[in-house]
Amino acid sequence: MKHTTTSLSSLSLLALATAATLTSNAFAGAPAKPAAPKEASSLLAGSILEKMTGSVDVGYDSGYYFRGLWFSNNNVWEGLTLNLPVNDQLSLMFGAIYTSSATTNLRGGGLNTSLKYSELDLITGASYDAGFAKFGVVYTYYNFYDTFSGRKVSDSQSFGNGDRDSQITTSSDLGFTVSKSLGPVNVNAGYWYDFRIGGHYFESSADCPIEITSKFSIVPSVSVGYGLDYYSFRANPVAADGTGGPGKRDGFTAVRPALSFPVKVTETATFTPYAAMNLSGSARYNTATSANVEEGRNDFYFGGKMSVSF
């Protein structure tokens with residue numbers, strides 16, 4: 001997505017101009033000295049800052065779903081993305097996202113507990129525009145501060161189902177993506193390999209922005225995911241001897257239809273509320289697993305974000 005940007009170097013240039021003015025006033029009447037030539041490293045740094053763009057995002061999700069898997073409710077999150085064009089075709093990206101649950105209460109199905117959940121994602125990647133399509137590679141490091149399944153507020157124990165996945169505190173994956181616009185429709189596909197569990201994840205999606213006015217749009221979208229030996233709530237408890245653990249982990253994860261409504265507040269700020277459904281596939285929902293009976297089957301959720309680009 002392109003952002004309307006203001007060069008980062010604007011503040012630097014303003015500071016330099018102010019410093020130059022103060023210096024000339026302070027030394028008025030003094031013999032002029034030849035300016036020292038700028039070092040190549042300084043020129044390179046200035047050039048990089050002039051090209052860099054990005055955005056700061058703050059958002060809320062009534063339910064936090066990632067690749068069809070439910071994690072927590074009432075999440076507040078913050079994100080930073082930096083983009084650096086290398087040339088007309090190649091661009092580098094760096095980002096960070098932190099999300100935490102304000103309140104996750106589980107009731108019913110024999111459950112009566114509250115969870116806390118927080119996660120930090122550090123992201124780096126590159127994209128290449130080949131003209132006929134855009135290709136990308138992205139590496140993400142995940143830190144699960146309250147374990148992959150969250151912690152019970154009552155005793156700070158992991159809210160796991162006895163499966164090994166629930167005890168994970170860090171993970172990382174490498175993804176490869178391709179995207180293309182077919183008329184008004186944007187089509188995306190991707191593959192990710194998870195280094196922690198050796199699992200594979202595939203996802204395809206499409207969206208179609210519909211401009212209502214110059215400041216307001218409606219964007220219907222849909223995505224579908226499939227996992228091979230990937231994270232799943234379909235699990236069997238781990239016995240004392242270490243047997244058991246994850247059950248079936250292959251199959252469709254979820255279909256996610258959604259509607260978002262971007263509103264251009266200013267030239268650089270956009271507010272985007274959304275509503276979505278998480279329709280679980282065979283690799284996610286299991287009637288023998290309490291957490292997925294409670295949350296994560298065919299769920300409606302909503303949220304929004306405020307983005308400021310620079």
Side-chain angles (χ1 to χ4, degrees), residues 1-8 51-68 73-85 88-89 91 93-99 121 123 125 127-136 138 175 177-190 203-225 254-279 298-310:
M1 178 182 295
K2 285 189 176 180
H3 298 284
T4 303
T5 61
T6 301
S7 172
L8 281 177
K51 292 180 179 180
M52 186 177 292
T53 63
S55 68
V56 176
D57 305 276
V58 178
Y60 165 81
D61 299 310
S62 67
Y64 173 36
Y65 290 85
F66 182 66
R67 297 176 181 171
N73 289 336
N74 297 307
N75 279 49
V76 177
W77 60 272
E78 306 84 32
L80 170 67
T81 303
L82 299 175
N83 298 293
L84 177 60
D88 291 341
Q89 294 174 299
S91 181
M93 183 274 289
F94 309 92
I97 300 174
Y98 176 78
T99 183
D121 301 343
I123 309 163
S127 64
Y128 181 80
D129 191 344
F132 63 92
K134 181 177 287 187
F135 298 89
V138 59
T177 63
V178 58
S179 61
K180 182 176 178 60
S181 295
L182 302 173
V185 179
N186 303 309
V187 180
N188 308 277
E203 184 173 284
S204 59
S205 64
D207 66 76
C208 182
I210 302 171
E211 185 176 289
I212 306 302
T213 70
S214 60
K215 296 183 178 297
F216 175 67
S217 300
I218 299 176
V219 185
S221 64
V222 63
S223 64
V224 58
V255 176
R256 180 187 183 270
L259 281 175
S260 59
F261 310 90
V263 180
K264 192 172 184 179
V265 181
T266 68
E267 286 300 312
T268 58
T270 302
F271 174 62
T272 307
Y274 77 89
M277 287 287 294
N278 186 80
L279 308 176
N298 298 328
D299 289 347
F300 169 80
Y301 62 106
F302 60 91
K305 68 175 182 179
M306 175 63 78
S307 301
V308 178
S309 60
F310 54 85

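Numbering of residues begins at 1 and proceeds along the displayed sequence.
Note: D88 CG to D129 CG = 9.5 Å, rounded to the nearest 0.5 Å. Expressed to the nearest 0.5 Å, how far OG of S62 lies from OH of Y301 amounts to 8.5 Å. Here the CG atom belonging to L80 is positioned 10.0 Å from the CD1 atom belonging to I123, to the nearest 0.5 angstrom. In this structure, CZ in F66 is found 12.0 Å from OG1 in T99, a value given to the nearest 0.5 Å. Note that CZ of F310 and OG of S55 are 6.5 Å apart. Values are rounded to the nearest 0.5 Å.
In this structure, Y274 and G63 approach most closely via the heavy-atom pair OH-O, 4.5 Å. Residues M306 and V265 approach most closely at CE-CG2, 4.4 Å, considering heavy atoms. When all heavy atoms of T270 and T272 are compared, the pair lying nearest together is CG2-OG1, 3.7 Å. Counting all heavy atoms, side chain and backbone alike, N83 lies closest to G54 at ND2-CA, 4.2 Å.
In terms of the side-chain hydrogen bond (donor to acceptor under 3.5 Å, both in side chains) criterion, residue partners of Y60 (sequence neighbours excluded) are, by chain and number, N74. For V224, the side chain to side chain contact (heavy atoms under 4.5 Å, CB included) test picks out S204, F252, V255, with sequence neighbours left out. For N186, the side-chain hydrogen bond (donor to acceptor under 3.5 Å, both in side chains) test picks out S181, D207, with sequence neighbours left out. Among residues two or more places apart in sequence or in another chain, the salt bridge (Lys or Arg N to Asp or Glu O under 4.0 Å) test is passed with R67 by D173. Applying the side-chain hydrogen bond (donor to acceptor under 3.5 Å, both in side chains) rule to S91 yields no partners; only residues at least two apart in sequence or on another chain are considered. Listed by chain and number, the residues in a side chain to side chain contact (heavy atoms under 4.5 Å, CB included) with S205 are N188, S223 (sequence neighbours excluded). With sequence neighbours left out, the ring-ring contact (aromatic ring centres under 6.0 Å, His included) criterion links F132 to F135. In this structure Y128 satisfies the ring-ring contact (aromatic ring centres under 6.0 Å, His included) test with no other residue, sequence neighbours excluded. Under the side chain to side chain contact (heavy atoms under 4.5 Å, CB included) criterion, M277 pairs with P257, L279, F300, not counting sequence neighbours. Qualifying side chain to side chain contact (heavy atoms under 4.5 Å, CB included) partners for A258, counting only residues two or more places apart in sequence or in other chains: S221, R256, A276.
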If you look only at distance, which donor and acceptor atoms sit under 3.5 Å apart when one is on a side chain in residues 208-216 and the other is two or more places apart or in another chain?
residue: T213; atom: OG1; partner: K215; partner atom: N; Å: 3.2
residue: T213; atom: OG1; partner: F216; partner atom: N; Å: 3.1

